[in-house]
Amino acid sequence: MSDTRKTLLSWLGAALMALPLASRADEHGPRVAAPPAYVQECGACHVPFPSRALPAASWQRLMANLPRHFGTDASVDAATAAQLSAWLQANAASGRRADDTPPQDRLTRSAWFVREHDEVPAALWRSTAVGKATNCAACHTRAAEGRFGEREIRLPR
Amino acid sequence: MRSKLVLLSALWGLSWPALAGTATPAEQLAGYEVAAARRALPAQGEAFFTARHGREWACASCHGTPPTRPGQHKSTGKAIAPLAPAFEPTRFTDAAKTEKWFRRNCNDVLGRECSAGEKADVLAWLMGMKP
């Protein structure tokens, strides 16, 4: 095999190997461990949503309006707010999802969320077991740990 | 005069656990009573907890009546551990946490902060629940 061909094949091989990583990094992002304060304060009433679920500007607006958080007061002390904001800004959605700003900063109305869940029947959303789109744990058995992999999904009956 | 000062200092000291750090339910109750300058009234606490205060939710809407069993968040559906300390031993063991949740939930239910008296009444009522 000529040198040129070997080089070309090496590049092709590298490109093919990089593809799965690139798409995973874009769609799912690196799985970042949430700080305990995030799990405690932002996981008290619902699953602690992954930081990569929303763009930085969305997180900024949410953190600026915690006393009026989708109908309830979710406020935290200033020091905790600063810590959480810094983590969210540093780990917000990247790649394509960074431009995916949902109306009212509701992550369940993001283009990526709708796309990922387009096979879920309407009746299942409305069922007692699920109820609403923010009830991730109804199907995502390890949502509380920030794990949303396909193998860990179990649809309720 | 001096005994009055001693008494006042003792009462002031008692109020500190209610403001920060770990504290038993009894210590927190004492702190709220000092701040309210009166004893707690559990019956008043029950009425306060179960009533609606001009808005959509009562405390009981999420915490249940009586709050000795798991409750459920009215909006998200998330399970909430029983609020009465005798049924959930971690309840009211951290004064800062108590204050944080009073701040949030009183704003939701009443649109304002709860007074020290209201907090004392509710806490006394909750502490009175036994299995």
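A, B, ... follow the sequence lines: proteins, then strands. Residue 1 opens every chain.
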- prompt: Under 6.0 Å from the CZ atom of R39(B), do we count more than 12 heavy atoms belonging to anything else shown?
  reply: no
Donor-acceptor side-chain pairing of S75(A) and R103(B) below 3.5 angstrom:
yes
The interface call for A138(A) against chain B, heavy-atom contacts under 4.5 Å, is neither
The interface call for T134(A) against chain B, heavy-atom contacts under 4.5 Å, is neither
Ranked by heavy-atom pairs below 4.5 Å to chain B, first place among G71(A), G131(A), A74(A) goes to A74(A)
- prompt: Should the pair R104(B) and W101(B) be classed as cation-pi, given the thresholds of under 6.0 Å to the six-membered ring centre and 45° from the axis?
  reply: yes
Answer key: most heavy-atom pairs under 4.5 Å with chain A among T76(B), I80(B), N105(B) is T76(B)
Please determine, by modelled atom types, if Q28(B) and T98(B) share a side-chain donor-acceptor pair under 3.5 angstrom. yes
